[in-house]
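Single-structure report; data block below.
For the single chain, residues carry numbers from 1 onward in sequence order. The basis for the numbers below is simple: all heavy atoms, side chains too, and nothing from hydrogens, waters or symmetry mates.
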Amino acid sequence: MRDYVQFLRDEGRHPMRSMDRRLEGSLADFIADVRASAQGSGEYRIDVRRARYLDRHLPGWQSPPDLPVRDPRGHFQHSVERLIEFYTGYRRAPRPGAEDAHERRLGEWLEAAREAAAADPLTWLDEEMRDYLGTHLPGWRSDSVDVSQF
């Protein structure tokens with residue numbers, strides 16, 4: 001975990017399997033294994049406490065974004081901008097189970113934000129972020145976003 005966080009800080013992005021660098025490939029495998037255990041069951045299922053820890057320290061760990069992560073606030077604002085673009089273009093919320101990878105990532109991010117807002121206040125989505133979403137994407141907590149405002 002420490003190496004993964006250090007990689008994010010040093011490289012400004014999530015590790016990729018396709019890279020030739022040995023450490024990067026092993027870190028990409030590590031997070032893929034963690035994601036798989038989050039979807040597993042029984043003894044291989046990740047517990048809620050660990051998932052919350054990952055949510056706080058590695059936002060997006062379940063579906064790492066393909067953009068730099070040096071500035072978590074900038075990344076958050078960029079994600080909101082991408083959501084607004086999606087709502088503007090499609091006049092609906094992105095679906096987390098969509099076949100299109102872009103829509104699926106946005107849908108998963110929005111779903112995670114909704115879950116974080118409804119959960120313990122120590123999640124990755126702090127009050128300032130909730131306010132930002134409320135200002136820039138009113139109705140984000142449900143599918144009742146007024147798309148006529150965009």
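The CZ atom of Arg105 sits 8.0 Å away from the CG atom of Asp100 when rounded to the nearest 0.5 Å. Atoms CD and CG, on Glu115 and Leu110 in that order, are 10.0 Å from each other to the nearest 0.5 Å. In this structure, CG in Leu133 is found 10.5 Å from CD in Gln77, a value given to the nearest 0.5 Å. Between atom CG of residue Leu106 and atom OG of residue Ser79 there is a gap of 7.5 Å, rounded to the nearest 0.5 Å.
Minimum interatomic distance between Val80 and His136 (heavy atoms only, all atoms of both residues): CG1-CB, 4.1 Å. Across all their heavy atoms, Trp140 and Ala117 have their closest contact at CH2-CB, 3.5 Å. Taking every heavy atom of both residues into account, Ala93 and Tyr87 meet most closely at CB-OH, 3.2 Å. Between Pro94 and Leu83 the shortest heavy-atom distance is CG-CD2, 3.6 Å.
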>> Evaluate Arg95 against Glu108 for salt bridge (charged side-chain N to carboxylate O under 4.0 Å, His left out), listing each step before the verdict.
In response: CA-CA 7 Å; Arg95 297 176 310 237; Glu108 289 170 352; over 6 Å; no
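Using a 4.0 Å cut-off between charged nitrogen and carboxylate oxygen, Arg82 and Glu103 do not count as a salt-bridge pair.
Among residues two or more places apart in sequence or in another chain, the side-chain contact (heavy atoms from CB on, under 4.5 Å) test is passed with Glu127 by Arg130, Asp131. The salt bridge (Lys or Arg N to Asp or Glu O under 4.0 Å) check on Arg114 picks up Asp143, with sequence neighbours excluded.
With Arg104 contributing its side chain and Pro96 its backbone, the two residues share no donor-acceptor pair below 3.5 Å.
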